[in-house]
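Input: a single structure, listed below in structure tokens.
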2 protein chains.
Amino acid sequence: MALTIGQVAAQCGVGVETIRFYEREGLIAQPSRPESGFRKYPPDAVRWVRFIQRAKALGFSLREIKELLSLRVDSAKTCDAVKGRAEAKITDIEKKIGHLQEMKRALVKLTVACRGKRPTSDCPILEALGEGD
Amino acid sequence: MALTIGQVAAQCGVGVETIRFYEREGLIAQPSRPESGFRKYPPDAVRWVRFIQRAKALGFSLREIKELLSLRVDSAKTCDAVKGRAEAKITDIEKKIGHLQEMKRALVKLTVACRGKRPTSDCPILEALGEGD
DNA sequence: ATGCACCCCGTACCATACTACGGTGTCAAC
DNA sequence: GTTGACACCGTAGTATGGTACGGGGTGCAT
């Protein structure tokens, strides 16, 4: 049931070096290393790496992802601090969702304008994006 | 009403060099250049740069942002192609929104677990993230 | 007409996040 | 028991997205 680094990499669609890199950077835990020195990963390792990939695609830096993942580690210890950081991340995520919805609305508007007559604005994408922060 | 590069930069919270960089990379249009050679920007330039910043924070690469912005340029010409690309971007954005909502749900769950007794899983963040693509 | 802030350009440098390389060791199959 | 695929490590190189620097020119305020 344990996986080699190559198997984890293949299942995540990344290179072996990427996994080692994440380990060096402290994004994923050190796996067990029986005699030979070969890393042995639990199946969950695949989910961790996929989570990292996904979070990256959503605009989080590795530093932020590390913070996200670390929310679990000390949860037994400093519950209030963890809760605070989690809530900050939630706010951050809600902002991102809002911005994406604006972008989506703008693009939908664009396709609609496309369907009918020519768009009236010379930039439908920007047009639908307010100045909101 | 026209702005200097420094004014645009200040209003967007970026450096002058960043604007010139975006121009070199074709993300923003060449502004007019009266006699002196100084760039003169229309007020809208601020919105363009802000759009770029926002899109970056949402995980789009400059290449993708360029594509997003270019959807406006040829809209009069190749309407069908534009519509197709816009629809692809919409799908992409919907996926991002979905992933962010999953992350948010996971974090909310974490804060709730925090409030009451200890979390049951040893990783509440991952726990709420399915294997969905 | 002389500052001084701001603009020009090109080039070089930086941080982030990998990716490749080279030399060596391991393991499993034949 | 040897061969081939895969693992180990450290170091170096790459792509992206800026950021800084140096040596100049401009423009307006005093």
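Nothing here was measured: the structure is a model prediction, and the numbers come from that model. The basis for the numbers below is simple: all heavy atoms, side chains too, and nothing from hydrogens, waters or symmetry mates. Lettering follows sequence order; numbering is per chain, from 1.
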**Report entry** CA sep, side-chain torsions, deciding dist, call: B:D44, B:R47, salt bridge (Lys or Arg N to Asp or Glu O under 4.0 Å)
**Finding:** CA-CA 5 Å; B:D44 253 17; B:R47 300 173 69 202; 3.5 Å; yes
Requested in this report: Please lay out, stage by stage, how B:I28 and B:I52 fare under the test side-chain contact (heavy atoms from CB on, under 4.5 Å).
Outcome: CA-CA 9 Å; B:I28 56 181; B:I52 295 168; 3.8 Å; yes
Requested in this report: Quick one: do B:E102 and A:R54 satisfy salt bridge (Lys or Arg N to Asp or Glu O under 4.0 Å)? Show the steps, please.
Outcome: CA-CA 11 Å; B:E102 280 180 68; A:R54 176 174 300 183; 3.3 Å; yes
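Closest approach of A:L27 and A:W48 over heavy atoms only: O-CE3, 4.4 Å.
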Taking only distance into account, with no hydrogens and no angle test, what donor-acceptor pairs under 3.5 Å do side-chain atoms of residues 29-39 of chain B form with protein atoms, sequence neighbours excluded?
from: B:R33; atom 1: NH1; to: B:G37; atom 2: O; distance (Å): 2.8
from: B:S36; atom 1: OG; to: B:F38; atom 2: N; distance (Å): 3.2
from: B:R39; atom 1: NE; to: B:E23; atom 2: OE1; distance (Å): 2.9

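With salt bridges taken as basic N to acidic carboxylate O contacts below 4.0 Å, none links B:E25 and B:K66.
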Query raised in the report: What string of B, S and - do you get for nucleotides 17-30 of chain D 5' to 3' if you count protein non-hydrogen atoms under 4.0 Å?
Result: BBBBB---BSS---
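Relative to the ring axis of B:F60, B:K89 does not place its NZ or CZ within 45° and under 6.0 Å from the centre.
Between chain B and DNA chain C, the heavy-atom contact criterion of under 4.0 Å yields a 5' to 3' nucleotide range of C:dC7 to C:dG10.
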